[in-house]
Amino acid sequence: MTHKTVRIGALTRVEGEGALVVHARDGRIIGLELRIYEPPRFFEAMLRGRAHNEPPDITARICGVCPVAYQMSACQAIEAACGAEVTGPLRDLRLLLYYGEWIESHALHVYLLHAPDFLGYDSGVAMAADRRDLVERGLELKKAGNELITAIGGRPIHPVNVKVGGFYRAPARRELTAVAERLRRARDHALATVAWVAGFDFPDVEHDYRFLALRHPGEYAILSGTVVTGDGYGPVSGFEVARWPDHVVEEQVPHSTALHARLDGATGYLTGPLARYGLNSARLSPLAREAATAAGLGPVCRNPYRGIVVRAVEIVHACDEALRLLDGYAEPERPCVPVVPRPGVGHGASEAPRGTLYHRYRLDDGGLVAEADIVPPTAQNQARIEADLRDLLAPRLTLPEDELAGLCEKAIRNHDPCISCSAHFLDFRVHRG
Amino acid sequence: MIGGPHPMTPAPYRVRSRRPDRVDTATLTLEPLRGDCPPFHPGQFTMLYAPGVGEIAVSISGRAPSGGYTQTIRAVGAVSAALCGKRPGDVVGVRGPYGQGWGLREAAGLDVVVAAGGLGLAPLRPVVRALLRDRLGYGRISVIVGSRAPAMLVYPGDLACWARQGADVGVIVDHPDHTWCGQVGLVTRLIDRIVFEPRRTYAFVCGPEAMMRETAAELVRRGVAPARVELSLERNMKCAVARCGHCQFGPLFVCEDGPVLRYDRAAPMLAVPEL
Amino acid sequence: MPVVDRAPRLAVWKFASCDGCQLTFLDCEDELLSVAARVEIAYFLEASSAPGPGPYDLSLVEGSITTPEDLERIRHVRRVSKRLVTIGACATAGGIQALRDFADVREFAAVVYARPDYIATLDRSTPIAAHVPVDFELRGCPPDRRQLLEVISAFLAGRRPVVPAHSVCVECKARGNACVMVAHGTPCLGPVTQAGCGALCPAFNRGCYGCFGPMESPNHASLNHWMRDLGMSTPELVRIYRTYHATAEPFRRAAEEAEESGEGEE
Amino acid sequence: MDAIVIESLDPLVAELRSRGYAVVGPVVRERVIRFEEIASADRLARGWTDVQEPGRYRLAEGAGEMVFSFAASPDSAKRYTQPPRQTLFRMRGEQIEEAEEEAPRVALLGVRACDLAAIAVQDRVFLGGRHPDPAYLRRRQSLLLVAVNCAVPGGTCFCVSMHTGPRATTGFDLALTELAAPHRFVVETGSERGERIVAELPHRPASAEDLAASAEVSRDAAEHMGRHVETEGIQERLSAHDSPRWAQVGARCLTCTNCTMVCPTCFCTTVEDATSFTDGTAERIERWDSCFTLDFSEVNGAPVRGSNAGRYRQWLTHKFSTWIDQFGMSGCVGCGRCITWCPVGIDVTEELANLP
Ligand SMILES: Cc1cc2nc3c(=O)[nH]c(=O)nc-3n(C[C@H](O)[C@H](O)[C@H](O)COP(=O)(O)OP(=O)(O)OC[C@H]3O[C@@H](n4cnc5c(N)ncnc54)[C@H](O)[C@@H]3O)c2cc1C
Ligand code: SF4
Ligand code: SF4
Ligand code: SF4
């Protein structure tokens, strides 16, 4: 009987801190834990008793990587609870802000966290020693995203200008002209990025994913939409964001603080770039679609390693759409719509760079938060990442352990898991009350 | 017409030599890369700039035979530490000299008491040298020095030399160690030990503010005229040219109107808390 | 200037936090590569899969201490670090998760987790300085990019970091904002909050919400009085202080005093 | 040159711009009248007025065709004479190089008599001492001043008490008095530069009625001062260092620095050091500072003025008393900005009146 343990003490180049432990016996995996040792921060509990206008700023602090995503899902959930809706130019501004975050976050992942895996470096900084031009391009791209967020939100991490109902102040057109310039360059960089990463050596792996993403009639959904699921080829089924709790249920797993999401009773679905692309690629901007085709992506991508190409394509889309919106930008008449708190429940979901991010709030008679539920993407993907890992390891258990560990880390990074997010919500089903 | 360099721009000076005085104190000799050191009056100070770290006020403690300034710096913070750690050959920035120096002329013909606390001896050193150079121009010359600990005493060599040259030199420490067999206590105690004719005495006092207040008060109590006691004040200083505002002391800019002030003028202001 | 013949070694550590502070470092797009050329980034899990061993010349620490393991880990970090600088509100003041201090953490865990018994956590979220000596604390939720660079640059040059402790108002005026409190009647924590952000909120017509924590001499009593006149209620006052720096002493007191002086009304 | 009358500001703005000046004038932005670069006179805050009280500023409509019916804006000329942040010099190796920041040509349109007085105070501080500042001089020389005589003093104004207004008598290139029915401006010239500009504008000579109406504007303004300060014996009153009043105002004061930042004469600065990551170039930057910060007076690890009361006393005493000892003039010009823009409405005139 042989017993083997693969242990990655600290996952690197992911957001937040986690570890992986795999136990195998006689060539079979008997245990696999993607372990999150992020200390719990209890956001849902802390939100109780806060005013209806506070969750966007407070929940932004769940994750410094995608604060805009938190702000957007939170705003929309509260607006829904209060019967308000943000439309027109204000919604465009929100989209712009969100595209900024996509560009920033994807560029970070592609260049500094993920590409080094394909090129054999320990880090983006190490990669810069040989390929400074590439890393500088990545940083410039990332900076374009950050500047877009900064121009609208004030700062890239935990922007200050977002409020329930819209913004505190709508930027003047002239405040956005410099950003537009930078984005034009960024779009070229993004196209070059797609071509570059498309040339990487990808293992020939495909998984039968069940995807979950938002879908919007006129957009490659980012800010809002209905929830759709499917494998990308066959028919999709969908439900309104407000029905989320009826479909998605998550459980805390006994052996660790990790959790598995069940979608309509089945475990292990995937959300994030592959899911968005698989379900919505037809809605990408023409330029992004073209780039995807040129990069050899079909309408669906089921190879997790190619996630890096999909992210690059999404950067093209984000730059392209942001430029379109910027060109048409006219200062909205008012920076926000009034949102009067009232008792009730509201749901909101948007597409964080790493996948669908769902918020639900119940407001009490005083307009204070009585309950909050938040489902971040990485928590949803946890089970699916573990499944990827099983598929990866099963035929390779004879390899040396450090080699296995390296393979696993790469497989995990394919999904760009954000452990900061996921750690804080291990179960959002329980507590009502 | 107004032209020339900006008043906040230093001139580059080279560290010619460095003499460690104590663990945390060193005396640097500084010479300009171009031209000569401007003349200075005892009691004046310069603004010394450690590149990338900051700029602080430091008294001129003498002129080296080469013509450069000697300045003694105690490392109490980042800038002073950076300056203290400079090596011969390094380049620093220097502005000045600035400020009103000691009233040597006013002291002519009188007994002179020089009282220093700690590094307060630095700006007094050129005074003592000037007094001793013109020994006949003054009455009795007494130098009394207080130090927190024996190891913290600066210029011990100078003190011995001054004694040989005819000054009455007394040293007292707050916290003696086993090597110490001299006086123990505050510098004011040494006033008892020196000989001077109060009505015909001029005094130069420099040290921590409390020490200066005590010493000046004691001298006045013994009959020295307040107008004949001078103190050198320390205030926060960013510019030394009366434009940053930090060193204000009532109506005065310590950088330009001081740092040396007459006690009759300073006393009422020193009595006001937080002035 | 510290005389070292090798590049100083930098480490970045994470405790309970959102990652935003270390990301602030990665957000220095223009400077990142030059910084990397001056220091050896020896330990930075988020950015590199080749963590180098200690000791480190400069450790940047993000996050607060909330678990027994982290309590051990921070002592280790201190041991292997010559200089330890905390970055961000969590590390310097306990962060938003310090709100647990005002509640029962067991109950908090029960709200969030199905099986709270799996969750090992401390009753309080405490700043790093509560456990080990800290050489410098950089404020902000998140810290300001320029200030973070200044801390590293100041460390390399051997200077006191230019991180003034005065109010946000100083930056607000330098930036050319009109005061939102005076001009719009919008309550603003700027006068009691430490500068550093560049007066962002007022620049967006929003009152400062205090994410850089208390300034050097905060007079919350006077400010609270005025903010009440501007229409803030007691619960609003309590909440605004009790968010990102809830347990920083001046803000803790500000909230408590608001509670006390608000008693009897409403 | 004798006074003239112009009907519109457009030719003036155009003329200034054609001479290479960035014209900076009062416009409405975020519900406040602020100074901002304008491309034409349309951008000016025509029709607006303001209501100013301690700690409160509100914009109001109702000034009809009048362009300058408001009092001091939160911006003063200080932003141009003494920018909030300036690089002093850079040092690389053994080389020290001054940062000769260029002084762009700026025409300030709409400065008031109190602002002119404040510029005179700053001139004294930066040029009149033993160490004149060449950079300040450059900025000053490229600043063209088009004054406007105040018609509607604000609720916090007291220039009459400080003998600085409401009428601009000196220190300007041009001075306008806005008159109604028919809408027009009487223009006086105060410099050769001003005369050359006026010569290019469509104008007519000012009639006796124009001049009388113009004088009446100032007389009327002088009678409507929002506040008053008794300057007689002010230095003696401010020598009451131990008055209990200081503790009382100290309890209200936030030590936020707003009063000193908006004050058009407060000149205090601090210096910051920086080093570049790439080549180690060291840089020194001078920026606005205030006697309300603790660092301002720190020596030996503790501030000299640690209490709010001590810091407030420094501010009030310096402005109204020790400034006179230092510079032979008052540091206060009566613009009222510190009263309006104090977030908790502390009123210097009230504090002065309450001293013994
Ligand atoms: C007119 C004048 C003449 C001076 N002459 C000399 C001189 O000849 N030699 C000399 O060494 N210094 C002299 N000083 C004092 C010197 O300017 C300060 O020590 C210096 O500013 C400290 O700056 P730093 O950056 O090193 O310390 P900072 O980083 O500013 O301060 C570090 C710590 O030390 C404290 N500190 C600051 N100043 C002192 C001090 N003087 N003593 C003890 N602790 C202090 C600070 O408050 C802080 O706690 C003089 C000051 C003035 C105004
Ligand atoms: S807006 Fe806030 S930060 Fe700015 S000056 Fe006013 S009170 Fe201070
Ligand atoms: S009042 Fe204060 S800030 Fe203003 S000039 Fe005087 S000391 Fe400087
Ligand atoms: S007087 Fe007013 S404006 Fe000035 S520091 Fe005090 S509170 Fe701030």
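In what follows, chains carry the letters A, B, and so on, assigned in the order in which the sequence lines appear, proteins first and then strands, with residues in each chain numbered from 1.
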* Any sub-3.5 Å donor-acceptor pair from Arg79(D)'s side-chain atoms to Ala174(C)'s backbone N or O? -> yes

* **Polar side-chain atom of His184(C) near backbone of Glu30(D) as donor-acceptor pair, under 3.5 Å** => yes

* Measure across Ala183(C) and Val32(D) and return the closest heavy-atom pair with its distance rounded to 0.1 Å. => CB-CG2, 3.4 Å

* Asked: Of the backbone (N, CA, C, O) and the side chain (C-beta and beyond), which part of Thr270(D) lies under 4.5 Å from a heavy atom of chain C, both, or neither?
  -> neither

* Asked: Tell me, side chain or backbone of Pro54(D) under 4.5 Å from chain C's heavy atoms, or both, or neither?
  -> backbone

* **Proximal component of Asn308(D), with respect to chain C [non-hydrogen, under 4.5 Å]** => side chain

* Val170(C) side chain near Phe292(D) side chain, heavy-atom distance below 4.5 Å -> no

* Asked: Around Glu256(C), counting heavy atoms of other residues, nucleotides and ligands shown, do more than 12 lie under 6.0 Å from its CD?
  -> yes

* Residue pair Phe277(D) / Leu156(C): nearest heavy atoms and the distance that separates them -> CE2-CD1, 3.8 Å

* Separation between CE of Met215(C) and OG1 of Thr257(D), rounded to the nearest 0.5 Å -> 8.0 Å

* Asked: Most heavy-atom pairs under 4.5 angstrom with chain C, which of Arg56(D), Gln52(D), Arg58(D)?
  -> Arg58(D)

* **4.5 Å side-chain heavy-atom contact, Pro303(D) and Glu216(C)** => no

* Shortest non-hydrogen separation from Arg34(D) to Gly176(C) and the atoms involved -> NH2-O, 2.6 Å

* Is any side-chain heavy atom of Lys173(C) less than 4.5 Å from a side-chain heavy atom of Thr260(D)? -> no

* Structure fact -> Assert top hit (heavy-atom pairs under 4.5 Å, partner chain D, pool Asn205(C), Leu33(C), Val168(C)) equals Asn205(C)

* Worked verdict on Arg38(C) versus Thr278(D) for side chain to side chain donor-acceptor pair (under 3.5 Å) -> CA-CA 8 Å; Arg38(C) 289 290 310 279; Thr278(D) 40; over 6 Å; no

* **Contact check, side chains of Arg311(D) and Ser217(C), non-hydrogen atoms, under 4.5 Å** => yes

* Among Ala251(D), Pro74(D), Ser290(D), which has the most heavy-atom pairs under 4.5 Å with chain C? -> Ala251(D)

* Region of Asp229(C) in contact with chain D, defined by heavy-atom distances below 4.5 Å -> neither

* Asked: Taking side chain as C-beta onward, heavy atoms only, is Leu254(D) less than 4.5 Å from Trp226(C)?
  -> no

* **Options Cys188(C), Ser34(C), Ser153(C), ranked by heavy-atom pairs under 4.5 Å with chain D, top entry** => Ser153(C)

* Closest heavy-atom contact between Ser222(C) and Val344(D)? -> OG-CG1, 3.9 Å

* Asked: If you count the non-hydrogen atoms of other residues, nucleotides and ligands that lie under 6.0 Å from CZ in Arg92(D), is the total more than 12?
  -> no

* Structure fact -> When the 4.5 angstrom heavy-atom criterion is applied to Arg287(D) and chain C, the contacting part is side chain

* Which residue out of Cys256(D), Ser276(D), Pro84(D) racks up the most heavy-atom pairs below 4.5 Å with chain C? -> Cys256(D)

* **Residue selection (most heavy-atom pairs with chain C, distance under 4.5 Å) from Trp288(D), Phe35(D), Trp341(D), Phe296(D)** => Trp341(D)

* Asked: Would you say Asp295(D) and His166(C) make side-chain contact, with heavy atoms under 4.5 Å?
  -> no

* Do Thr255(D) and Asn219(C) have side-chain heavy atoms sitting under 4.5 Å apart? -> no

* Do you know which of Val262(D), Leu294(D), Asp289(D), Asn258(D) has the most heavy-atom pairs with chain C at a distance under 4.5 angstrom? -> Leu294(D)

